[in-house]
Q: 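Have a look at this one before I ask anything.
Source: prediction; values computed, not measured.
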Amino acid sequence: MASFDGPKFKMTDGSYVQTKTIDVGSSTDISPYLSLIREDSILNGNRAVIFDVYWDVGFPETGTKTKTSGWSLSSVKLSTRNLCLFLRLPKPFHDNLKDLYRFFASKFVTFVGVQIEEDLNLLSENHGLVIRNAINIGKLAAKARGTLVLEFLGTRELAHRVLWSDLGQLDSIEAKWEKAGSEEQLEAAAIEGWLIFNVWDQLSEE
């Protein structure tokens, strides 16, 4: 039975985020974990899943028109109030990633991210992956608060401006990022997902 059996990290409000990291291979079934993410988003988050994507940047193939044609999706992070799933993706993609494509195409889940326009274009152009229901949380915050600059802020700055959160836990990891171990980097990823979830939660109530 699928479970989030990775490290559990305590957030500043005393709650915990349970994590799972998966190196996706040709026979890896990720659908049970995507189902758990979906279930938690329904139970605890107004059907919102916080997402972030990471890229391997290569040289574009000869004859291609865009500088980003050599970019390949390397990993995906999906977060809810209580869970953080980190998927390290294979090269080349395997058929089992059809589950991820279907998950992103769901009209019943709102995928929330920070400064996501370029990522959405790259996902579509380079991988044919379409996120049907995506929201740029910075743009939403700028409209809700009447402050244009919020649209252009990164995760920690946006969380600070909207939530006035204590970012000391995240700052301590980022200060030693080059020497941080994989578990500390996973903790930072979990914190960032949790922060943006709380930004979404706060704005949804306004």
Q: Pick from Leu203, Ile50, Leu163: which one makes a side chain to side chain contact (heavy atoms under 4.5 Å, CB included) with Asn198?
A: Leu163
Q: Tell me the salt bridge (charged side-chain N to carboxylate O under 4.0 Å, His left out) pairs involving residues 101-114, sequence neighbours left out?
A: Asp99-Arg102
Q: Measure from the ring center of Phe51 to the ring center of Phe103 and say whether it is less than 6.0 Å.
A: no
Q: Please tell me whether Ser72 and Asp56 have a donor and an acceptor in their side chains that are separated by less than 3.5 angstrom.
A: no
Q: Can you give me the closest heavy-atom contact between Ile37 and Leu78, atom names plus distance?
A: CD1-O, 3.8 Å
Q: For a quick check under 3.5 Å, do Asp119 and Trp55 share a side-chain donor-acceptor pair by atom type?
A: yes
Q: Distance-only, no hydrogens or angles: does the Ser204 side chain make a donor-acceptor pair with backbone N or O of Trp200 under 3.5 Å?
A: yes
Q: With a sphere of 6.0 Å drawn around OH of Tyr16, does it hold more than 12 non-hydrogen atoms of other residues, nucleotides or ligands?
A: no
Q: Using a side-chain heavy atom cutoff under 4.5 Å and only I, L, V, M, F, W and Y, what cluster partners does Phe152 have?
A: Leu148
Q: Taking side chain to side chain contact (heavy atoms under 4.5 Å, CB included) as the test, write out the residues that go with Thr147, two or more places apart.
A: Arg145, Val149, Leu150, Arg161
Q: Excluding sequence neighbours, so at least two apart, what forms side chain to side chain contact (heavy atoms under 4.5 Å, CB included) with Lys20?
A: Phe4, Asp5, Ile22, Tyr33, Leu85
Q: Apply side chain to side chain contact (heavy atoms under 4.5 Å, CB included) to Gln115 and list each qualifying residue two or more places apart in sequence or on a separate chain.
A: none
Q: The criterion is side chain to side chain contact (heavy atoms under 4.5 Å, CB included); which residues satisfy it with Thr21, sequence neighbours excluded?
A: Phe86, Arg88, Leu186
